[in-house]
Every structure is written in structure tokens, then in C-alpha cells.
Amino acid sequence: MTTATLTITRPDDWHLHLRDGELMASVLPHSARCFARAVIMPNLKPPVTTAAAARAYYDRILDALHPDLDFTPLMTLYLTDATTPAEIERARADGVVVAAKLYPAGATTNSDDGLTDLARARPVFEAMAACGMPLLVHGEVTDPAVDIFDREAVFLERHLRPLIDAVPGLKVVLEHVTTKQGVDFVLQGPSTLAATITAHHLLYNRGAMFKGGLNPHYYCLPVLKREEHRLALVAAATGGSPKFFLGTDSAPHARSAKECDCGCAGIFSAPVAIEMYATVFDEAGALHRLEGFAGHHGPMFYGLPFNRSTLTLVRETRPVPDVVAGGAAGELVPLGAGAPVLWSLEAPDHTLRYRG
Ligand code: DOR
Ligand code: ZN
């Protein structure tokens with residue numbers, strides 16, 4: 001086997017679910033071992049709807065962080081029908097909030113308090129445009145008449161295009177894009193429109209959920225799609241466009257909450273995420289573009305500096321652990337559990353090296 005190493009600007013994760021309490025403390029090191037910053041999703045129970053709640057959550061994350069790890073949480077506000085432009089301005093002024101998240105009410109985990117009518121939230125979107133705060137969009141319709149595999153494509157035309165047209169200065173990230181239609185929409189849209197792509201949507205198509213039986217650890221929202229969509233995502237991620245950047249959507253749920261009658265949506269990829277992205281880029285012959293996707297395009301879009309430290313990956317196959325500890329939540333099953341992954345972090349246990 002060819003040996004190779006790859007040193008890149010230390011990457012960031014532009015879409016991460018860290019949860020709270022003991023579970024947060026358990027999963028945080030899996031992201032902080034490798035990512036310098038991460039955009040932290042606000043879909044806690046109750047959701048993070050105010051600048052004060054975001055600041056308190058930020059403090060809890062830093063309290064749980066091992067002092068030797070260098071990691072900055074970039075906080076988000078959860079938009080509800082009651083969010084005001086003044087709250088956006090407070091969040092912007094406070095300094096830890098970088099963006100606000102649009103969950104269509106009922107679209108996914110803990111989204112019941114999300115927006116029910118985008119038109120009514122127009123003053124909030126205008127306040128965000130005025131202060132340069134990006135809107136992070138879970139782009140799926142909740143209309144039960146729309147097939148679950150079509151919910152993203154329908155959202156683009158039914159909701160996202162009118163929103164972008166109505167508030168032209170607004171920066172928008174189509175989070176975890178999963179379809180060819182989504183990729184084309186982003187590519188053809190204005191420079192204020194970008195998208196994050198997960199490792200699991202790059203690596204797997206919907207067949208993974210059904211391979212040899214029902215596999216709940218491959219169930220997430222938006223759900224994995226057909227192979228043609230996966231190929232479009234790989235082309236987008238590895239193609240070098242600054243409109244696409246890394247967002248793991250790592251979303252831990254206890255094993256018992258995944259392997260049950262009504263398993264939760266969410267794939268826990270943090271323990272293997274950068275390794276899996278490297279594998280995808282390697283297989284596409286585009287390792288030279290991993291740094292842009294993982295370390296440059298996100299900061300460029302958000303108007304933040306690049307990280308000054310680096311991360312080294314080695315082409316060395318290692319097995320993904322079967323389970324990872326989740327504190328009181330019990331065991332967590334990581335993406336690709338038990339299978340080999342082609343790339344590894346150099347000396348992954350020496351996270352001290354990444355400080356500074
Ligand atoms: O699969 C998902 N899990 N999709 C989401 O949008 C939310 C996430 C979670 O919080 O578990
Ligand atoms: Zn998410």
C-alpha cells in the first residue's frame with residue numbers, strides 16, 4: 001500500500017450537534033481533537049432561542065472542554081415564530097453567535113418550535129442581512145404529501161428561491177445538501193448562497209439503510225439519497241468551488257434511541273469525520289482540494305480568519321471503533337462502526353499538538 005501524509009490548515013466543522021450535559025462532555029473531544037472551530041446547532045430541549053441562552057450554552061461547552069484542547073464553539077440561534085430582529089441584534093452584539101438556524105417546524109429532531117411561515121419571519125431575515133449574519137437552512141418541506149426523498153428538492157423551489165429573492169443581501173447556507181438539485185441550485189445561485197456537505201452523504205447512498213437488514217445508524221435527515229445524488233455531492237465537494245464546505249452534521253443519539261421501535265434521526269460521525277472526508281477526496285483523486293473544502297471555504301464565507309495551525313493525516317487504514325462512550329446516555333455507535341477507514345489522524349491521541 002502507498003504511504004502518504006497530508007498536512008492541511010486545521011479544519012473547522014460548519015455544522016455540528018454537540019447536545020448538552022454529560023453527552024456533550026462525552027462527544028466534545030471527538031470534534032475538538034481535530035476541528036479548531038465548529039458551528040454548534042441550537043436544537044436542544046428547550047432550543048437555544050436567545051442571545052443569553054447561546055452565551056450560557058457557549059460557557060457550558062468551554063467548561064466541559066479539556067484545558068489542553070484548543071476549540072472554539074461558534075454559536076447559533078434557533079429561529080422561532082417569536083424571534084425578533086432585536087434578538088438578532090443582541091446576538092450579533094454579544095459576539096459568540098455567528099448565525100441563526102431555520103428549522104421548518106417539524107422537519108427533524110427537536111424542530112417543533114421552528115418556523116411555521118417564512119414570510120412572517122421576513123423582518124428577522126432583513127435584520128440578519130443588515131448585520132451580515134448567515135441564515136443556516138434545514139432545507140426540507142414538512143408537507144406530508146411530499147415523498148421524503150423529494151423534500152429537499154421541493155423546498156428549494158417552494159421556499160428557498162422566494163426567500164433568496166425577497167432578501168437579496170442575506171447570506172444563506174443550505175445545510176447538509178443531499179441532492180443533485182440542491183448542488184445545482186447552490187451553484188447557480190448568488191455568491192451569498194453556499195452549502196455544507198456531510199461525510200455520510202458523500203460516502204453512502206440510501207442503500208446503506210437497508211443493506212442486509214434495517215440499519216438505523218444510517219438513518220438521518222435529510223435521509224440518504226440515490227447514488228446519482230451522492231455522485232453529484234462528491235463532484236461538488238471535490239470540485240474546488242468555494243460555495244461548498246465541510247459540515248459533518250454529527251448528531252449523536254444513544255444506541256438505545258437508535259435501535260428501537262421509532263429510532264431517532266442522526267448519524268454520529270465526529271470520531272471519524274475528517275478521516276472519512278479524506279477517504280472521499282482520495283478516492284476522487286482530489287486530495288489537493290481537501291484543504292479548501294475543510295479549512296478555507298467556510299471561513300471565507302463566514303468572514304473569519306483561517307486557522308493558523310495545521311493537521312496531518314496519514315494514509316493508514318484503521319478500524320472505526322464499534323462503540324464510543326456517551327456518559328449517562330450509554331453507548332454511541334459511530335458512523336462506519338467496525339469497518340476500516342483509509343485515512344487516520346497522525347498520532348490521534350496527541351491532541352495537545354493542536355494547541356495554538
Ligand atoms: O439526522 C438529523 N439529526 N438531522 C437533523 O436535522 C437533526 C439531527 C439531530 O439533531 O439529531
Ligand atoms: Zn444538523
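Just so you know, these numbers come straight off a predicted model, no measurement behind them. One-based numbering, in listed order, for ligands and for the atoms of each.
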Rounded distance [0.5 Å steps], CZ in Arg10 versus OG in Ser309: 5.0 Å
Here the gap from Ser31 atom OG to Asp12 atom CG, rounded to the nearest 0.5 Å, amounts to 11.5 Å
What is the number of protein N/O/S atoms located under 2.8 Å from the Zn ion (ligand 2)? 3
Measure from NZ or CZ of Lys258 to the centre of the six-membered ring of Tyr219 and say whether it is under 6.0 Å with the direction within 45° of the ring axis. no
Are Arg226 and Phe149 in a cation-pi contact, defined as NZ or CZ under 6.0 Å from the six-membered ring centre and within 45° of the axis? no
Give the protein residues with at least one non-hydrogen atom closer than 4.0 Å to an atom of ligand 1, ordered by chain and number. His17, Arg19, Asn43, Thr108, Thr109, His138, Cys220, Leu221, Ala251, His253, Ala265, Gly266
Any donor-acceptor pair under 3.5 Å linking the side-chain atoms of Asp249 with those of Thr198? no
Show your working on ring pair (Phe, Tyr, Trp, His ring centres under 6.0 Å) between Trp14 and Phe301 and close with a plain yes or no. CA-CA 11 Å; Trp14 299 94; Phe301 186 84; 9.0 Å; no
Can you confirm whether or not the ring centre of Tyr277 sits under 6.0 Å from the ring centre of Trp343? no
Could you go through the side chain to side chain donor-acceptor pair (under 3.5 Å) check for Asn43 and His17 one step at a time? CA-CA 8 Å; Asn43 61 334; His17 297 268; 2.9 Å; yes
Please verify the inter-ring angle class for His138 with His176; under 30° counts as parallel, over 60° as perpendicular, anything in between as tilted. perpendicular
